[in-house]
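These notes concern the structure reproduced below.
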Amino acid sequence: MSEAGGGRGCGSPVPQRAPWSLVAATAALCLVSATSVWTAGAAPMSREEKQKLGNQVLEMFDHAYGNYMEHAYPADELMPLTCRGRVRGQEPSRGDVDDALGKFSLTLIDSLDTLVVLNKTKEFEDAVRKVLRDVNLDNDVVVSVFETNIRVLGGLLGGHSLAIMLKEKGEYMQWYNDELLQMAKQLGYKLLPAFNTTSGLPYPRINLKFGIRKPEARTGTETDTCTACAGTLILEFAALSRFTGATIFEEYARKALDFLWEKRQRSSNLVGVTINIHTGDWVRKDSGVGAGIDSYYEYLLKAYVLLGDDSFLERFNTHYDAIMRYISQPPLLLDVHIHKPMLNARTWMDALLAFFPGLQVLKGDIRPAIETHEMLYQVIKKHNFLPEAFTTDFRVHWAQHPLRPEFAESTYFLYKATGDPYYLEVGKTLIENLNKYARVPCGFAAMKDVRTGSHEDRMDSFFLAEMFKYLYLLFADKEDIIFDIEDYIFTTEAHLLPLWLSTTNQSISKKNITSEYTELDDSNFDWTCPNTQILFPNDPLYAQSIREPLKNVVDKSCPRGIIRVREESFRSGAKPPLRARDFMATNPEHLEILKKMGVSLIHLKDGRVQLVQHAIQAASSIDAEDGLRFMQEMIELSSQQQKEQQLPPRAVQIVSHPFFGRVVLTAGPAQFGLDLSKHKETRGFVASSKPYNGCSELTNPEAVMGKIALIQRGQCMFAEKARNIQNAGAIGGIVIDDNEGSSSDTAPLFQMAGDGKDTDDIKIPMLFLFSKEGSIILDAIREYEEVEVLLSDKAKDRDPEMENEEQPSENDSQNQSAEQMTSISQEVDLVDQESPEESSLKSHPESLSPADTDNAASVSPSEQNSNPTENHETTSLDGECTDLDNQLQEQSETEEDSNPNVSWGEKVQPIDSILADWNEDIEAFEMMEKDEL
Ligand code: DMJ
């Protein structure tokens, strides 16, 4: 995402373009004037230092671009670790990411206009000649329509825009005769077949040589596309139409936008992430401003700026209103459901939304822009880069960072809007981090994991197209750039299109404004020029005062708390409201507060606890509002816990005769005790504890001493069980689910939470097994008495020594399956990205399940508790106390009586079925990853 360079200064005539005098114009005009009002706050940066930083950006660009040209060109991208070009088909496929690569020297084309912005006119001239000489747009390769449009079509058009500007200046590019534009037109025609759908929404991919749906094309069977993919065409397509006079491009892009607008969810005015290109049904109904939707909103506002068509602004304003109503929870931007916009759809944010503050600047809504930007900066300060996704309490959700430019982009626009030197300091930090952590001898490498600083062998073309432009412009003064940047609008890939296009070749009739559109709320704008009063108060400390409360937002990890505290300060004397995270069902004071808020606690038959809010029963309207927020927090917490429950599985491996490590059981970790991912595995014989629930001092310490104790889930907290077995001398513990039939095949693994107290005293490792997996160990004890297991973070190779001593009795095919099983189990480890120290689920001794209420904002039970086992700790606490120890003994006697010689093979779940189940798990993990970004 990117923004317009803005309008001219106040009072300057803007002769060649249509009036974009409403909100955007006010914003842009004020960008200029606000810069000059800065007098206090962060220390101003001297001209020398700005120049020094600008030069540093130039040197970094040379390093990136030079290495691409030397080691990768004409390949699409540089692989900076192996110092060679990435050629599609010659490297292992990375899936959808590779759809940007069309064997058309992507990085060179994407870099064209950056060369001019960075004042490298000679190199630009050279690069254009290379593009004209070397680039083939007719390759038999399937590419993403969206990526090809924003990077290649946009790159060619940006190059053309600046080529004609330079030619007009009279020094460079005198030989240029619209050749880039001709290439752009050729490419435009190649993309058009993608629009051959009844809806007018484009197919997501196209074969550059064969188009779509022909057998040779190998594409055209897709049914879905992302909203941004279908809604991010208008700037490039309209520019192409207006530059060439061929109206078809603009018509197609408009039709796609019209269709998306028609399909918006009418009550919330939001759009989903994915849409069916044939039926127009929303495939994914979650809605945010990041991945999958981002540039759709961006292009509505910018289409208005570039084309002067009011209908685009009206659409944008309608969506913006909805975004600010439902998605914006300053400083957070959180996805919601389009049909139930009061419900958050996620508890994490993706890095792409970092463009949004920049868009808010263009819109003229500075305050939330400052807040969100500051929140993002705090995350960056913690991890050096913005991780691809991070949770609402600022933990890493997806740890990669492919050198995305969105944050730099917003920083640039905020600096333009506020003139606050703070944003120059932010830019300086970005430069330092890039050099310190991403720079490698052959370019800049994407971060594989921002926590460890590990690299990935990729340098995406957008790094050159966008990052260097925004960083350079941040520190540049007007005279450092050879043309007036404010005569151009930035596309989402930061390519420059001239604003004069708005009045050129205007053959597309503007859409009539109908009463269907939401009325523009102009109340905030009184149409003076400049309008710094509203847009950016004439207070040099304004931005700083907005940032200040957010300074420690990441460290404190409770943004909502901070916001609340701020809100609360207006309510003198009021006690801070109860937060979901702090709630203890056993605390009488908390129960009292719940009552005041109209929230009742219901103990369900199955032992779980439900929360129901009846606003009408609240003591006051303020308490009712607190109750509503409490319920929302509880909903978020609950879904966050569900997410966090999907953590790297640990392994319980049976290593004694006759298993020798071939049986690997998937186990859940604990948030306390020895962390097996950091320490060596623990190996020992198993013994059942007495009492079996482990909730009191063990009566059989001699049996568990030096062994791994088996304990049944329920009746008390996990940590309590751990302490009891540790006191009895156990070297580890396995908690086995008391929910008969539960299995990691069907229920998500979770980590055992602490008990809300300090758990540092627990030193032994603890793992959790669902009932099915646990019964494999219990059965093995019955069969072989002495059963030795290995607790680890990853299944280990089989123990050859033990195996040599005694050959296993299972048949070969079973051995083979078991080996596969081990490796599959390891694969599950690999797909997970969360490190244990990042997964510190806040101690929440009782899992609560907010139930549906008569309140609009409350949650439906089906969404909260789809999994029957997930709140079981609560079940155990509240359920009837039964003598599980005796029960187990009885059960075990019955089983032995009825089947005294039961063999291992007959008792365990068939290996094939375990394998199939695990495969399903892996597929589910992969789907989840693919779906989400
Ligand atoms: C760029 O290619 C574009 O900005 C796009 O709109 C989304 N983001 C990437 C870079 O992160």
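All values below come from the heavy atoms of this structure, side chains included, with hydrogens, waters and symmetry mates left out. We count ligands from 1, going down the list as the structure has it; atoms in each ligand are counted the same way.
- Checking Met467, Glu406, Arg151 against atom 10 (C) of ligand 1, the nearest heavy atom belongs to Glu406.
- Aromatic rings from Phe444 and Phe463 are positioned such that their centres are separated by under 6.0 Å.
- Residue-level proximity to ligand 1 for Glu298 is absent, since no heavy atom of it falls below 4.0 angstrom.
- Remark: Asp487 CG to Ser161 OG distance equals 11.5 Å, nearest 0.5 Å.
- Near Leu352, the atoms of ligand 1 lying under 4.0 angstrom from a non-hydrogen atom of the residue are 7 (C), 8 (N), 11 (O).
- Counting atoms of ligand 1 from 1 in the listed order, those under 4.0 Å from a heavy atom of Pro405 are 10 (C), 11 (O).
- Every atom of ligand 1 is numbered from 1 in the order shown, and the set under 4.0 Å from a heavy atom of Ile150 is 2 (O), 3 (C), 5 (C).
- Shown here for Glu222 and Tyr203, the closest heavy-atom pair between the two residues is O-CE2, 3.5 Å.
- At least one N/O-N/O distance between Thr492 and ligand 1 falls below 3.5 Å.
- Residues Ala239 and Leu501 share a closest heavy-atom pair of CB-CD1, 3.6 Å.
- Under the side-chain hydrogen bond (donor to acceptor under 3.5 Å, both in side chains) criterion, the residue pairs touching residues 225-234 are Thr232-Ser295, with sequence neighbours excluded.
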Determine, step by step, whether Leu257 and Phe312 satisfy the side chain to side chain contact (heavy atoms under 4.5 Å, CB included) criterion, reporting the C-alpha distance in whole Å, the side-chain angles of both residues, the deciding distance to 0.1 Å, and the verdict. CA-CA 9 Å; Leu257 276 182; Phe312 290 130; 3.7 Å; yes
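- Checked by distance only, ligand 1 and Arg404 come closer than 3.5 Å through their nitrogen or oxygen atoms.
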